[in-house]
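Just the heavy atoms: all of them, side chains too, but no hydrogens, waters or symmetry mates, feed the values below.
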Amino acid sequence: MHARIAARLAALSADPGQPPPPYARRHLARHAALGHVLDDARVPPQALAWDTGGGIRALLHHSPACGPRHWLTAWSAIEPYLRDAPLPSRMASLHLAHIALTYPDTPRTRMPPEAAPPADSPLTAHFTNWRPAANIWATLPATPTRLLALDHPRHGPQIAVSTTTGTLEFLDAATAHPVGAPIAAHAGEIRALHLSPPDPDGRQYLVTAGTDGTVRLWDAHRHAALGCHTDSTWFDDALCGFDDRGDLTVWAVNGRSETVSWAAPGLSRTIATAPPVLRGALTTVIDTDGERVLVHTAHDLTVHHLDGTVRAVHPLPAPARTVTAGAEPGLFYAGHADGSITSWSTAEGRLPATAPGHGEPVKDLCRLVLDDETVVLAAARGRTVTLWEPATGTVAELRGHTDTVTALAALPDSPDRPGALLSGAADATLRLWTAADIGRHLTAGPAPAPRTAAATALWHSDGGPLVATAHDTTVRLTATRTGLATTALVAPEPVLALTWARRGSRHLLLWADANGTVRGWDPVANGTPPSLPPLECGAPTRHIAACTSPDGALALLLTASDDYRTRLWDLHTGSLLRTWNGHAMSVKALAAACTDDGRPWLATAGTEGVVRLWDPAADEDTAADRIHCDQGIIHALALNTAPAGDLSPFLVTAGDQADVRLWDLATRRPLGPPLTGHHAPVHALATFTAEHRTYVVSAARDGIIHLWDAATGTQLLTLATATPLTWLDATPHPGTATADLALAGHAGTALTSLDLAHPALAH
């Protein structure tokens with residue numbers, strides 16, 4: 001019956017450009033999943049962009065495969081990021097993800113007709129070589145610190161999430177939709193989130209503890225606050241349960257390494273003390289005699305009775321950051337500051353089974369049971385989730401997060417959903433790893449680390465767009481019209497930055513390496529060494545930018561190195577023109593451009609949050625013009641020296657504050673209000689003028705790209721790429737309303753084109 005309903009709803013949803021009926025928008029995917037027909041035929045791409053039910057990611061994980069799921073998988077990769085984006089943005093993002101997942105490394109000329117962009121999309125993907133992550137379960141406004149799975153008696157399974165900003169949020173475990181509004185639980189980072197066993201009436205309680213010096217007790221089902229304990233120092237960990245008399249009790253460890261007991265309601269009392277450590281951890285374990293005991297880690301690992309009396313003390317091989325109970329009585333595990341994981345017995349102390357560390361501290365630790373018997377420990381170490389099977393010693397890693405993994409939760413088996421692992425990280429994402437994912441990684445063993453592009457550059461040659469990408473010491477050129485990739489050069493040192501520059505009639509690919517040397521290479525001359533000598537910067541050089549005057553008389557290169565110095569070079573002679581010491585901290589972004597009359601504009605910015613505009617004629621003792629941006633660390637700059645209409649030449653800045661700002665180059669004043677809409681730091685910018693209209697493109701760390709009308713500040717298009725982006729380039733096609741948009745990040749590169757005359761962008 002569900003399959004028949006899905007087929008009828010799909011038939012009503014297949015008309016491009018027409019919204020499906022409201023019932024189909026909300027329930028089509030769920031009917032298809034319940035009918036075991038969740039595929040591209042029953043949930044066509046025309047219906048995906050209108051979906052309001054959400055949860056397609058979870059449905060794909062927990063429903064059997066039937067027909068092809070290319071479009072569904074693409075949608076699952078971008079669904080968490082689109083929020084309330086309009087239809088053209090959703091369709092453009094879906095098209096880009098579909099091409100990246102289904103036709104990687106394939107130029108558009110070799111794609112089948114079904115790869116054409118939907119009519120509602122102003123974007124056409126021409127070439128991609130990345131694979132967006134399809135296991136992103138949810139995105140968050142802040143870094144998660146703890147995750148917890150709980151079962152609500154009326155609303156079903158939920159995930160509780162605590163964050164570095166002190167909020168406590170509940171998400172539906174099936175759809176990842178918020179359950180109610182986030183709760184402002186603490187005034188600082190929440191370090192502990194724990195669920196009690198049920199009381200005789202089936203009620204459960206949550207406890208949270210934070211750096212604001214408070215421990216709070218919550219009704220887990222009503223999400224209501226029940227009480228608070230305050231201290232003069234922070235709390236590292238806390239848990240709640242029932243003592244020997246059956247009374248609800250909270251145990252917590254504060255910054256003085258004191259174990260505090262708090263009976264609700266009632267006053268707290270200190271039941272144990274230890275010499276202070278950087279961070280303590282606490283858990284409870286059912287001992288071999290059936291007694292519940294407390295385990296506290298400080299300089300030593302101490303096992304307490306619930307009243308605080310010491311039962312055993314065991315020395316620690318390295319400071320512990322987290323502990324969790326094992327599957328057998330008296331067994332528990334500890335994650336350490338050196339990244340190792342150790343196994344323990346309450347009576348015997350440390351056991352032989354150990355997972356070695358690699359220097360990154362264990363942020364969180366949880367236990368999973370696969371196939372009703374296999375016990376696996378999952379540890380948050382660096383950007384990876386480490387899997388360890390103590391019985392066999394097998395170690396594997398789950399990779400995908402782009403920042404430090406901070407929180408883990410094991411999702412238990414249920415009749416309609418197998419067990420899984422949920423991980424959260426400082427990249428503000430929650431990722432779902434199925435039991436099949438975990439089993440496959442444990443069987444395959446450690447996988448090689450992904451190769452992240454260090455730098456990317458785009459050049460429009462006579463043969464079409466040419467993308468240069470650096471991996472370690474190798475630079476590869478990809479002709480996006482043919483898909484042909486060749487190794488352009490192998491550098492003596494790791495390549496840190498790339499850019500193209502015009503020098504007379506020749507285009508050079510310039511690269512800077514970890515030794516501080518900038519070199520040039522001419523792809524048209526088949527690698528014939530150019531007359532440009534190596535440019536010695538004297539320190540690792542991570543940012544370079546070039547500009548050439550329209551007549552070619554002036555060709556400049558701007559470099560920024562780890563010695564905080566900015567250097568200006570003459571590309572015709574290879575001579576050093578200026579060395580500026582204007583930055584007291586790291587330079588994160590450069591921009592260089594020439595006006596139509598040949599005047600160069602040079603800008604640098606970085607950790608100080610200040611942009612400096614440099615005069616090529618000024619020596620190092622002359623202070624540059626400064627623009628105080630108030631955007632935190634500046635990660636990206638862009639210059640437009642020939643905007644359309646009444647716009648003055650302007651500079652674009654972006655950084656940690658997630659907004660984009662335009663500055664009048666003549667007055668150094670803001671050009672209109674900030675452009676807002678990003679929810680993560682902005683790491684890449686581009687600006688261009690096409691058909692009497694000027695645009696700004698911005699890309700954030702969460703993989704969201706915004707296209708703006710520079711004159712009005714209107715947001716024209718949103719693209720979700722599901723991967724952090726670090727570089728953008730936008731080049732208009734002369735005499736047309738089309739522009740190429742190239743982008744690169746942790747997952748690879750892509751070349752697309754924008755139809756700027758598309759109805760979605762025309763107004």
Calculate, to the nearest 0.5 Å, the distance between atoms [atom1] and [atom2] belonging to [X] and [Y] respectively.
X      : Y      : atom1 : atom2 : answer
Trp130 : Leu725 : CH2   : CG    : 5.5 Å
Leu94  : Trp71  : CG    : CH2   : 5.0 Å
Thr687 : Leu728 : OG1   : CG    : 11.5 Å
His758 : Leu716 : NE2   : CG    : 12.5 Å
His441 : Leu398 : NE2   : CG    : 5.5 Å
Ser13  : Trp50  : OG    : CH2   : 11.0 Å

Side chain to side chain, [X] and [Y], heavy atoms closer than 4.5 Å:
X      : Y      : answer
Leu675 : His706 : no
Ile99  : Met111 : yes
Tyr695 : Leu756 : yes
Asn135 : Arg431 : yes
Leu60  : Leu72  : yes
Val43  : Leu48  : yes
Pro88  : Asp120 : no
Leu422 : Ile159 : yes

Heavy-atom count around Arg30 CZ within 6.0 Å, excluding the residue itself: above 12? no

Does CZ in Arg131 sit with more than 12 non-hydrogen atoms of other residues, nucleotides or ligands closer than 6.0 Å? no

Mind checking what makes side chain to side chain donor-acceptor pair (under 3.5 Å) contact with [X], not counting sequence neighbours?
X      : value
Thr712 : Thr714
Gln657 : none
Asp755 : none

What closest approach, in Å, do [X] and [Y] show between heavy atoms, and which atom pair accounts for it?
X      : Y      : value
Pro117 : Thr124 : CG-OG1, 3.4 Å
Arg69  : Leu38  : NE-O, 2.8 Å
Leu498 : Ala468 : CD1-O, 3.7 Å
Gly745 : Thr726 : CA-OG1, 3.8 Å
Asp403 : Ala425 : O-CB, 3.7 Å
Leu432 : Ala420 : CD1-CB, 3.8 Å

For [Y], does its backbone N or O pair with a side-chain atom of [X] as donor and acceptor, under 3.5 Å?
X      : Y      : result
Asp437 : Arg440 : no
Asp702 : His679 : no
Ser89  : Thr718 : yes
Thr384 : Arg399 : no
Thr721 : Gly703 : yes
Asn129 : Asp105 : no
Gln631 : Asp659 : yes
His27  : Tyr23  : no
Thr139 : Pro80  : yes
Thr474 : Val490 : no

Between the side chains of Asp427 and Arg701, is the shortest nitrogen-to-carboxylate-oxygen separation below 4.0 Å, so that they form an ion pair? no

With sequence neighbours excluded, residues passing side chain to side chain contact (heavy atoms under 4.5 Å, CB included) with [X]:
X      : result
Ala710 : Leu647, Phe650, Leu662, Thr694, Val696
Pro44  : Ala10, Leu28, Gln46, Ala47
Arg383 : His746

Whether His98 and Tyr103 hold their rings parallel, tilted or perpendicular, with breakpoints at 30° and 60°: perpendicular

When Leu741 is tested against each of Asp729, Thr731, Leu719 for side chain to side chain contact (heavy atoms under 4.5 Å, CB included), which residue passes? Leu719

Check the pair His70 / Asp40 against side-chain hydrogen bond (donor to acceptor under 3.5 Å, both in side chains), numbers first and verdict last. CA-CA 7 Å; His70 302 307; Asp40 291 339; 5.4 Å; no

Under 3.5 Å side-chain donor-acceptor pair for His126 and Thr752: no

Decide whether His507 and Asp522 meet the rule of one side-chain donor and one side-chain acceptor closer than 3.5 Å. no

